[in-house]
Number of protein chains: 2
Amino acid sequence: MDTTEILITIRRIVRSINLESKKIQKEYGVSIPQLLCLSYLHASRNFQSTQGEIRRFLNLNSSTTSGIIDRLENKGCLARLPKQGDKRVVNIALTSKGSELLKQVPPLLHDRLSERLQSLPSIKLQQIQESLVTLVHILDIEQVEASPMLTIEEPIEETKKEISSKSQEI
Amino acid sequence: MDTTEILITIRRIVRSINLESKKIQKEYGVSIPQLLCLSYLHASRNFQSTQGEIRRFLNLNSSTTSGIIDRLENKGCLARLPKQGDKRVVNIALTSKGSELLKQVPPLLHDRLSERLQSLPSIKLQQIQESLVTLVHILDIEQVEASPMLTIEEPIEETKKEISSKSQEI
DNA sequence: GTATTTTTGTTCGCATAGAAACCAATAACC
DNA sequence: GGTTATTGGTTTCTATGCGAACAAAAATAC
């Protein structure tokens, strides 16, 4: 497996995750980013948070977060409330409908996948973890540069690119 | 790092790839899926292929492929031609504009990423490959089920799920 | 030859994702 | 207090991605 195949494999992993998200959405009516958002609210103080906090938690762009919140609001899972003291900020509150939905979904999801991952030898699992972190570093060039104190890394050039060539259908 | 963190890491990898795609699009006017499509045409006989072949190569849904081809057609990078003998099939032909664009983009991209991957110890690279393949198997549950002759795999239940919980902003 | 099934690719609808533009509110500066 | 800079979130636009529906064409069955 060379560079190209690694990239192709990543694309396939991404696709699987997206397909899974679609299945969950069909079955439960919420997507994974939506679920992540609801989970965050559930774990927040007073089951509330701000759009900015959710955005940072999800590590997404502001407009994307706004869209996710819109759709959850339309579903009745959360509500937008004004925040005392700062009129720019919108408080996002989990509704009981959202809370109920959370009770149905996460345990099923988490258990199944954990099951599979934990059936692996722990050495294997460790490998996966390290490999993913390595990939993050390779791809997250900006992050590495932003923290020169992290570790000894080889000098990495500014602009990183990604390539593609053939991929084979399975 | 447990299951949740693996999932979170995957999400971060996905994000990096998407951000990279955005940069490339801004700089060269084409996205990575579009580049993949053009590359495939370039390597095809007579610089032509069918929508179905491109779809299988990209491993994408038909409507997605149609959209990608639409946008490349609008850019003048490819053309839709009828196929002799089967009126359902559309031949997709790379234009010289598309060919020229390919000359500018891919070498830069591929080289940079290869460079970084190949600067890793070969053991590390091997780990990454194996880990990705393992993840593919875990996520590609349907593939494994569809091919019971592949290898000895533990019995895997039908519906797999994915979970999420906290992720931290870096 | 006719009826049915399968194939091919397009359209539509929905969601995610980012960039850019925007505006109101707040903070910082003088 | 007035001016400038920053912040927070929304809107608009573009692209990717999937599923469902669809129509035409081809393949298959009788």
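Per chain, numbering begins at 1; letters A, B, ... match sequence-line order.
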Just the rounded figure in Å: distance from [atom2] of [N] to [atom1] of [X].
X     : N      : atom1 : atom2 : result
A/L36 : C/dA15 : CG    : P     : 17 Å
B/I68 : C/dT10 : CD1   : C1'   : 15 Å
B/I54 : C/dT8  : CD1   : C1'   : 13 Å
A/Q25 : C/dG13 : CD    : C1'   : 12 Å
B/L60 : D/dA15 : CG    : P     : 16 Å
A/R55 : C/dT16 : CZ    : P     : 17 Å
A/L58 : D/dG9  : CG    : C1'   : 15 Å
A/I69 : D/dT10 : CD1   : C1'   : 11 Å

Would you say the base of [N] and the side-chain of [X] have a donor-acceptor pair closer than 3.5 Å?
X     : N      : answer
B/S66 : C/dG9  : no
B/N61 : D/dG17 : no
A/S63 : C/dA17 : no

Of the candidate nucleotides D/dG8, D/dG17, C/dG9, which contains the atom at the shortest distance from the side chain of B/P33?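 Looking only at heavy atoms from C-beta outward on B/P33, the closest nucleotide is D/dG17.
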
Could I get the full list of side-chain contact (heavy atoms from CB on, under 4.5 Å) partners for B/Q48, not counting sequence neighbours?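 With neighbours one apart ignored, the set is B/N46, B/L81, B/N91, B/A93.
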
For A/S49, what residues pass the side-chain contact (heavy atoms from CB on, under 4.5 Å) criterion, not counting sequence neighbours?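 Applying side-chain contact (heavy atoms from CB on, under 4.5 Å) to A/S49 gives A/Y40, A/L41, A/S44, A/E53, A/I54.
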
Got [X] and [Y] here, is their nearest side-chain heavy-atom distance under 4.5 Å?
X     : Y     : value
A/E73 : A/T95 : no
A/I68 : A/L60 : yes
A/R71 : A/C77 : no

For A/S31, answer base if it contacts any base atom (sugar-phosphate contacts may also be present), sugar-phosphate if it contacts only those atoms, and nothing otherwise; contact means non-hydrogen atoms under 4.0 Å.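 It contacts sugar-phosphate atoms only.
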
What does B/R71 touch in the nucleic acid at a heavy-atom separation under 4.0 angstrom: a base, only the sugar-phosphate, or nothing?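 Base contact.
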
Would you say [X] reaches [N]'s phosphate, i.e. side-chain N/O to OP1/OP2 under 4.0 Å?
X     : N      : result
A/Q34 : C/dT16 : yes
B/Q51 : C/dT10 : yes
B/T50 : C/dT8  : no
A/K26 : C/dC14 : no

Measuring from atom [atom1] of [X] to atom [atom2] of [Y], what distance do you get when rounded to the nearest 0.5 angstrom?
X     : Y     : atom1 : atom2 : value
B/T50 : B/R88 : OG1   : CZ    : 11.0 Å
A/Q34 : A/Q25 : CD    : CD    : 5.5 Å
B/R80 : B/L72 : CZ    : CG    : 9.5 Å

Let me know, please, whether A/T64 or A/R88 comes out on the 5' side of the other along DNA chain C by nearest nucleotide.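 In this pair, the answer is A/T64.
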
Nucleic acid contacts of residues 73-87 of chain B, taken as heavy-atom distances under 4.0 Å to DNA chain C: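 Output list: B/R80.
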
